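Below, chains carry the letters A, B, ... as their sequence lines are ordered, and counting in each starts from 1. Remember, it's a predicted structure, so these values are computed and weren't measured experimentally.
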Amino acid sequence: MKRVTRTRKLPALPEQLDKAVQTIMTDHEAGLPRVNARIAPVLRVAADLRGMPDSDFKQRLKRELVARAGRARQSARATAVPAKRMPEGFHSITPYLRVNDAAKLIDFLRRAFGAEEILRVPRDDGKIMHAQVRVEGSMVELADITDRAGPNPTAIWLFVPDADAAYRRAIEAGAASIHAPVDQDYGDREGSVKDPFGNHWYIGTHRTGVEPSLEELRSVTPYLHPKGSAKLIEFMIEAFDANEVFRAEDEEGGMIHHAWIRIGDSMIAIGEAHGQYKPMPPTLHLYVDDADLVYARAIKAGATSISKPADQPYGERSGGVRDPFDNEWYIATHKDAPAERSLRRAAEQPRYLQPGNIMPFIYSENVAKACDFYKNVFGATEVHRIERGGRPSHVQIAIGQTRLMLRDATTDDLAEYRAQGYAATPHSLGGTPLHLYVYVADADAAFKRAIEAGSKLVDKMEDKEWGDRCGGVQDPFGHIWYIATPRRSA
Amino acid sequence: VAGETALKRGAKDASRHARPVDSGERALIEAAQSDPGCFAQLYENNFERVYAYILKRVGDRDQAQDLTSDVFYNALESIGQFEWRGIPFVVWLYRIAANAIIDRGRRASRLEAARLASRAESAPDSAADREAAEYHARLFKLVEELPDDQRRVITMRFAQERTTAEIAKEFGRSEGAIKQLQFRGLQALRTMVGER
């Protein structure tokens, strides 16, 4: 008799595995079902794959990141600032004029050349310790003389759009003429004056296209008249890494009539002293990358020290030298003032981390309605919303640069919070201590929309004494808004 | 559960494979700091880790995806503030992720927050957590190395959570064939991930 062994037919392994996979995919929290020992390790891998990311999601997120990076790059380019070698508005070289009665010189510069006063630091005796004015886009620094630092009449080549007009105004403001404007053989129109303090102003209108083309030519360019120009140029090259751009000299090679020397982003003009153009050694404020290094080089090149480099209370490290031609150089490296630094740092933060960005978080009974109201009245845009039970519990909106969070005060999860008195609305409080003052392009129109949409009048729309056209409303949710537009005339 | 054991064993394995702190990563970070366009490579290198780390802590695909997006947006925005101290970049990303999870908890309802918090408590930010994330990240990445058919089946089954019947229909093949591909794909993964 034939013995028959009856065996239960099991599904193939792939079939068994799929059944188990289906079980773990249906209930993520469930443990692993018991399976054949041969597929148990494979099933464990399957369990570890639960929740694996979709490659579509990965690619989508990558595309969005690349797009954002592109935008960040563009805006970084737009706001890129070069390394701060010098304070805002300064170039490498700024002449420093010391006179007896600096206030009067400022007045002269204003009347003659339209100078704009940027800073004035008075001394105890009312004289000027330090002042900065801007002339045609360049800085000039000045101060009253002291016992230790006497006047330093300086020659400045001043480039203006209309040399004739500036010359005329300078004469009217009290300058003496050196020579009236003439067309120079190098193409510029140029006249010269001596101001009441002995400074020379060579007032020129530079013709573009005239060689050499000088991008570093500033509207205020010091003009030196040394005895021995070639030696001075050598000193500048050694001490300040200067670059001789142009030189016109006698055919015998003796006298330099005119030379252009570039230092940093600025130019210095040099013409050998002759006739009435006597040496007038100026004081020049020179911004460099490393004041200590340049100071040391200047000393090595033959300058004598006036003061060793030190951190100054006005945001720079600087030291002074006198070169062999009696020119004074204040060699400085700009250091961000703490306030400047913290502002710059703040601007580098993501916007929500920047100080001063306050997001009012306001509770109301109906966030959807409130959102519609602010969209209608202020042109608010919705940033994002969280829904709960079919209605929004949070809606973040933006009005201009400001974000507001609208929060439903009635949701269940706030019960405890409400009991403690926190999630109050103006209606539950019977008023609100917070007034939101909002600037819009057209206050009258927004005010009208607010009233039409059911707001109560709080303060009528009118020109307010503080310079805004402004009116107050209480919106249907009890929040008080002052809607304003600055008056142009104010 | 058995999966956890596998995971722990895998994690040990993963930690052996964890990349040393390398100068290549540093160069990438510095490149991304001066040009955000270079961020994509950092993303490619770390996407799976961050996703796996978050998934482990929130347990839900949709939330994990949202939070992963938040982490990388945030990282891109603040890459300039990343200071190289020899710690792998991914640790910085994990920190952002941990904060994002807590943050989301705050913004979400209190119930939700409690749920997230309880998960977070059961899985505090620890070396073990990170090792688990490394292991999962490696596993997710290995899927891309499978033969095309297997890769597609595994992705549809586990990332898109579709049944073998649905996949068979899309492939125009029998269910048996799909189950076979799934079986072979998972076996291959098991071998590659070094799990025994």
Problem set entry | Pair A:M52-B:Y51, side-chain contact (heavy atoms from CB on, under 4.5 Å): steps then yes or no | CA-CA 9 Å; A:M52 79 172 263; B:Y51 178 89; 5.7 Å; no
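Heavy-atom pairs under 4.5 Å with chain A peak, among B:E161, B:E144, B:Q187, at B:E161. When each of B:F39, B:F183, B:F72 is scored by its heavy-atom pairs under 4.5 Å with chain A, the top score falls to B:F183. Contacts with chain A were tallied for B:S69, B:A32, B:A40; B:S69 has the most, counting heavy-atom pairs under 4.5 Å. Ranked by heavy-atom pairs under 4.5 Å with chain B, the first of A:L65, A:D56, A:I39, A:L17 is A:L65.
Counting heavy atoms from C-beta on, the side chains of B:Y73 and A:E64 come closer than 4.5 Å. At a threshold of 4.5 Å between non-hydrogen side-chain atoms, the residues A:L49 and B:L189 count as touching. Between B:Y43 and A:V66, every side-chain heavy-atom pair lies at or beyond the 4.5 Å cut-off. At a threshold of 4.5 Å between non-hydrogen side-chain atoms, the residues B:R157 and A:D18 count as touching.
In this structure, chain A has a heavy atom under 4.5 Å from the side chain of B:E48, while its backbone stays farther away. Proximity to chain A (any heavy atom under 4.5 Å) is restricted, for B:F47, to the side chain, taken from C-beta onward.
Using a 4.0 Å cut-off between a side-chain N of Lys or Arg and a carboxylate O of Asp or Glu, B:R61 and A:D54 do not qualify as a salt bridge. A salt bridge between A:K58 and B:E44 is present, with a side-chain N of the basic residue lying under 4.0 Å from a carboxylate O of the acidic one.
Nearest approach of A:A46 to B:L186, heavy atoms of both residues: CB-CD1, 3.8 Å. Summarising the geometry of B:A159 relative to A:P53, their closest heavy-atom pair is CB-O, 3.7 Å, with the distance given to 0.1 Å. Residues A:R68 and B:L76 come closest through the heavy atom pair CB-CD2, 3.7 Å. Contact record, A:S55 with B:T155: OG-CG2, 4.5 Å, taken as the closest heavy-atom pair.
Remark: A:Y422 OH is loosely packed, at most 12 non-hydrogen atoms of other residues, nucleotides or ligands lying under 6.0 Å away. Around the NZ atom of A:K19, the shell of radius 6.0 Å holds no more than 12 heavy atoms that belong to other residues, nucleotides or ligands. Within a 6.0 Å radius of NZ in B:K169, other residues, nucleotides and ligands contribute 12 heavy atoms or fewer. The environment of CG in A:D412 is sparse: at most 12 heavy-atom neighbours from other residues, nucleotides or ligands sit within 6.0 Å.
Distance check, rounded to the nearest 0.5 Å: CG of B:D62 to CZ of A:F57 gives 10.0 Å. Interatomic distance, CZ of B:R162 versus CE of A:M25, reported as 12.0 Å (0.5 Å rounding).
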